[in-house]
Amino acid sequence: MGLSTTRLGLYNPDKPLENRITDIGPRHFWEFFPPIIKRNYGKWKYHRILEPGVLMHVSETGEKVYTVRCGAPRIMSAEYIREVCDIADKYCDGYVRWTTRNNIEFIVDSLEKVEALKKELQSRKFYSGSYKFPIGGTGTALTNIVHTQGYIHCHTPATDASSLVKALMDELFEYFQKMVFPAKVRISMACCLNMCGAVHCSDIALLGIHRKPPIVDDEVLEANCEIPLVIAACPLGAISPAKTPDGKKTVKIKKERCMFCGNCYTMCMALPLADKEGDGIAVLAGGKVSNRISPPKFSKVVVPYLPNNFPRYPEVCEVVKRILETYAKDARKYERLGDWAERIGWEKFFEKCGLEFTEHLIDDYRLQYDTYRTTTQFKFTEPAWKASKAVGGL
Amino acid sequence: MVEFKPKFEQKEIKYEEMRIYTDEELHNYTEDEVKDFKCKHDISTVEQLESGPWPSFVADLKREALHRKRLADDRVMIPKDVIEDLLGQLEVSFRDGETHWKHGGIVGVFGYGGGVIGRYSDMPDKFPGIAAFHTMRVNQPASKFYKTDYLRTLCDLWEFRGSGIFNMHGSTGDIIFLGTNTEQLEPIFFELTHHLQQDLGGSGSNLRTPSCCIGKARCEWSCIDTQDMCYELTTYYQDELHRPAFPYKFKFKFDGCPNCCVASIARADLSFIGTWRDEIRIDQEAVQAYIHGEIPPNGGAFADRDWGKFDIYEEVINRCPAQCMYMEDGKLIIDNKECVRCMHCINVMPEALRPGTDTGVTILIGAKAPILEGAQLSMVIIPFMRAEPPYDNIKEKVIEPIWEWWMEEGKNRERVGELIQRQGVRKLLEVLKVPAFPQLVKEPRSNPYIFWKEEDVPGGWERDIKEFRKRHPR
């Protein structure tokens, strides 16, 4: 029996419980493994990256499996997936996989197939000239950017996501296809502080931020929101109960206390923060999740705000490229961006990257003490002389 | 050969039996026609994203829009022009610098509290196709391997009953169906469960859809069966995944080794990370091959730049965070009891070094993004635990006691990592019935404010002031 083609298919609205199947979970993974993967499960001995985007895994059984990795937009159409399927049917016996970072992997069992597959993938372009399946993203190349919904499908964003990723990957495309960084580089993008993309441990994180406190929609607040929950939602206690002149219950906001986290809006539709002039993008740098050499660490805010210059965000692209190229030139082999910044000192990071250090970058939230410089070990850079001069020390 | 079995018999999906659309319907346009396709709305800003080498989601969405437009009216169950409306609204959002999706909207399928996220446009008159445009989360197979029969069936289903737009994948790992109306939610759920034997994922204050790295399927470093563990715990905790009973969201993620490719340590309330407790396996001949430049370091990850000759001291031995490696008589020696399993030496010389074979998981707890009290990484709570099916030790000794505590004590929208901050790691140890161990912390406390308990102190806390005054008159 095939998929239903009537309006409600198998669902009978008069008897919604009839024939309802629940709690069956995902399809089992094993049926989706290509036979060569099944045969060599748990027996992989080592791997090599033969060229950017092409991996070879060698098994104890002597078998070799080749993977061609392609970048993909996270948002994709049924037509795009069908095209992926056409390629997978032609070269990979109908198997394909996606990576955690939105790349597509085509897996084959011979080098000849790799060559044919590569040719096919490289030949497929959109009418506009964009690659459909650019090959790369392995080793010390830049890999695909993970991101969130943005204006495409979210109610809380402070910027758009798909467009920023497209603009940035166009700008950094050569680095996707060339393994020239000192270590792996992970860029992640989340369009508001809710961070459903969990970008907070990335080499570069791009984060949509608000800069104007919420507007209180007195007319509808009481009817739509639980006032005690709204008040409790503010981590800084900036929200308190109030009444409108005509006696409606509402809330008022101590605007100078607002840190623009948007948690109140998550709890209450009557407190929107979004604003054309207020919203924009913060750039964070130096995070990682791997335990390699140094422990995982958070990304740090290095540019507090850049404008939402749709659709190609030239300011963001320029800054990210500048940071990455400075890192590429200056860091030692195996050094992640954050390890490099820590070795040279963050003051040097700002100097070398030509980024301005402003008061916005000094933590003044919960764990600020941990970020204070409690040693005389630091390097002199221009802003230090400027500060010294300002108090007559020079 | 190893083989893993599903919990329920999985019927094979054959696209030819499942399909909705004919070949003609599937090939109802050409690339040239897409080029000339004019969206019904002005999308001139959005169209600036068509050019450039990276795959253009705009070009892709336009072809889907044209494809839909050419299908017969009764061959799609939601408006044919939803994609044009979506692009039109994106254009307006770019111009306004603000989103046009309304806040919230509670919709779902009967009996589930998650898996569907309501979404409504605030410009329904201008963009009626996307007036109601809900998301459905479809629980992805572990590690995201697919067969094309399954994917093509999913495409037909979603094009017929929804927008035909996907996210592959959402941040948590689900296949995302992006945009359908309320009427089609139940029919889609029925098609998924009956025909594709496929359930929805999590959303809201539920267990969220667990995810894992590629594991032993194609990685030599994985110390655990990440897919099996992910599948087992996902299916075992279906009730927690579909019916919200928690203070807030809860995530499991499974990484096969400390490289953490699925970022469990940063993103999961419970991070399961494969590890070993015996010795790193060494092939001394291969070590020599690296030293003599016969094998490229790090699997060839640095190949497009001249980093000079490989130097085992500079690149491996001196970079070891535990300083537990040295060369002796031309052999690489690792003092394994000093090793912290950071993976660096193994990453650099995969053909010479391999993780040990006495494997299990290190379990960490509490990672989250910054909302509200600040971002947290997971902290170590179980240094080593066997991870063998059906993982009863992990379910009964770790997951369930933590949930019980969190459901009892957690405040509304408090992640478990925040509860630990509020009540202390000592409380967590009581919950887990685990004695304190130094690996829990980076360093011991520096303040002396120890919460001594009465039973810690001889004689207890009750004292008589009169007795005290006998010794110390006022």
Heavy-atom proximity to chain A below 4.5 Å, by part of V348(B): both
Look at M343(B), R267(B), H242(B), H67(B) and state which one has the largest set of heavy-atom pairs under 4.5 Å with chain A. H67(B)
V109(B), L151(B), V46(B): which one forms the most heavy-atom pairs within less than 4.5 Å of chain A? L151(B)
What part of H47(A) is in contact with chain B, defined as an atom under 4.5 angstrom from a non-hydrogen atom: side chain, backbone, both or neither? both
From the list I273(B), I188(B), T193(B), the residue making the most non-hydrogen contacts under 4.5 Å with chain A is T193(B)
If you count every heavy atom of other residues, nucleotides or ligands that lies below 6.0 Å from F8(B) atom CZ, does the total exceed 12? yes
Applying a strict 4.5 Å limit to non-hydrogen atoms, the region of C261(A) in contact with chain B is both
Measuring heavy-atom distances to chain A, does T135(B) have an atom under 4.5 Å in its side chain, in its backbone, in both, or in neither? both
Side chain, backbone, both or neither of Y231(B) within contact of chain A (heavy atoms, under 4.5 Å): side chain
Side chain, backbone, both or neither: which part of N102(A) has a heavy atom under 4.5 Å from chain B? both
Against chain A, label F94(B) side chain, backbone, both or neither, depending on which of its atoms sit under 4.5 Å from a heavy atom there. both
Y150(B) and E31(A): side chain donor to acceptor below 3.5 Å: no
Per-residue contact mode, H194(B) against chain A (heavy atom under 4.5 angstrom): both
Given that the side chain runs from C-beta out, which part of P295(A) has a heavy atom under 4.5 Å from chain B: side chain, backbone, both or neither? neither
If you measure only the distance, is there a donor-acceptor pair under 3.5 Å linking the side chains of T67(A) and E105(A)? no
Could you tell me which portion of Q184(B) (side chain, backbone, both or neither) has an atom closer than 4.5 angstrom to a non-hydrogen atom of chain A? side chain
Which atoms of H200(A) are under 4.5 Å from chain B, going by heavy atoms: the side chain, the backbone, both sets, or neither? side chain
Can you say whether the rings of F190(B) and Y11(A) are parallel (under 30°), tilted (30 to 60°) or perpendicular (over 60°)? tilted
Parallel, tilted or perpendicular: which one describes the rings of Y131(A) and F173(A), with boundaries at 30° and 60°? parallel
Hey, would you say the F126(A) and F57(B) ring centroids sit under 6.0 Å apart? no
By a 4.5 Å heavy-atom criterion (distance strictly below it), what part of F189(B) contacts chain A: side chain, backbone, both, or neither? side chain
I'd like to know if the side chain of H103(B) reaches the main chain of Y265(A), judged simply by a donor and an acceptor atom lying under 3.5 Å from each other, with no hydrogens or angles considered. yes
Option that, when pairs with chain A are counted at under 4.5 Å, heavy atom only, ranks first among E159(B), R119(B), K35(B): R119(B)
What part of I214(B) gets within 4.5 angstrom of chain A, counting heavy atoms only: side chain, backbone, both, or neither? both
Do any N or O atoms from the side chain of R152(B) and from the backbone of R19(B) form a donor-acceptor pair under 3.5 angstrom? no
If I measure from the heavy atoms of chain A, does R341(B) come under 4.5 Å with its side chain, its backbone, both, or neither? neither
Let me know if V146(A) has heavy atoms under 4.5 Å from chain B in its side chain, its backbone, both or neither. neither
Max heavy-atom pairs within cutoff under 4.5 Å with chain B, candidates G280(A), G139(A), G94(A), goes to G94(A)
Of the backbone (N, CA, C, O) and the side chain (C-beta and beyond), which part of D86(A) lies under 4.5 Å from a heavy atom of chain B, both, or neither? both
Out of L168(A), N194(A), N308(A), L172(A), which one racks up the most heavy-atom pairs below 4.5 Å with chain B? N194(A)
Checking heavy atoms, do the side chain of I165(B), its backbone, both or neither come under 4.5 Å from chain A? both
Is it the side chain or the backbone of R20(A) that comes within 4.5 Å of chain B heavy atoms, both, or neither? both
Do you know which of H153(A), K178(A), M195(A) has the most heavy-atom pairs with chain B at a distance under 4.5 angstrom? H153(A)
Can you say whether D149(B) sits under 4.5 Å from chain A via the side chain, the backbone, both, or neither, judging by heavy atoms? neither
Is K368(B) in contact with chain A via its backbone, its side chain, both, or neither, using a 4.5 Å heavy-atom distance? backbone
Are Y15(B) and D156(B) linked by a side-chain donor-acceptor pair shorter than 3.5 Å? yes
For the candidates G300(B), C260(B), S51(B), which exhibits the highest count of non-hydrogen atom pairs separated by less than 4.5 Å from chain A? S51(B)
Pick one: which of W98(A), F32(A), F33(A) meets ring-ring contact (aromatic ring centres under 6.0 Å, His included) with F145(B)? F33(A)
Under 4.5 Å from any heavy atom of chain B - which part of Y41(A): both
Using distance alone, with no hydrogens and no angle criterion, decide if S294(A) and K288(A) have a side-chain donor and acceptor under 3.5 Å apart. yes
When the 4.5 angstrom heavy-atom criterion is applied to R366(A) and chain B, the contacting part is side chain
Please state whether the side chain, the backbone, both or neither of A328(A) comes within less than 4.5 Å of a heavy atom of chain B. both
Among L178(B), T172(B), L26(B), V138(B), which residue has the highest count of heavy-atom pairs closer than 4.5 Å to chain A? L178(B)
Looking at R7(A), K297(A), M169(A), which makes the most heavy-atom pairs under 4.5 Å with chain B? R7(A)
Do S4(A) and E191(B) have a side chain donor and acceptor closer than 3.5 Å? yes
Name the region of L17(A), side chain, backbone, both or neither, that has any atom closer than 4.5 Å to a heavy atom of chain B. side chain
For atom CZ of R332(A), is the number of surrounding heavy atoms from other residues, nucleotides or ligands below 6.0 Å larger than 12? no
Please tell me whether S56(B) and S130(A) have a donor and an acceptor in their side chains that are separated by less than 3.5 angstrom. no
Winner by heavy-atom pair count (cut-off under 4.5 Å) against chain B, out of P73(A), P272(A), S162(A): S162(A)
T138(A) versus chain B, heavy atoms under 4.5 Å apart: side chain, backbone, both or neither? neither
Does the distance from a Lys or Arg side-chain N to an Asp or Glu carboxylate O, for E351(B) and K45(A), drop under 4.0 Å? no
With only heavy atoms counted, which part of T235(B) is less than 4.5 Å from chain A, the side chain, the backbone, both or neither? side chain
Under a 4.5 Å heavy-atom cut-off, does chain A meet the side chain of L61(B), its backbone, both or neither? side chain
Approximate separation, where rounding is to 0.5 Å, of C213(B) SG and K144(B) NZ: 10.0 Å
Is it true that a side-chain atom of Q238(B) and a backbone atom of G25(A) form a donor plus acceptor pair closer than 3.5 Å? yes
Between N167(B) and Q149(A), do the side chains contain an N or O donor and an N or O acceptor separated by less than 3.5 Å? yes
Given heavy-atom pairs under 4.5 angstrom as the criterion, report whether the side chain, backbone, both or neither of T266(A) touches chain B. both
If you tally heavy-atom pairs under 4.5 Å against chain B, which of R101(A), M56(A), K132(A) wins? K132(A)
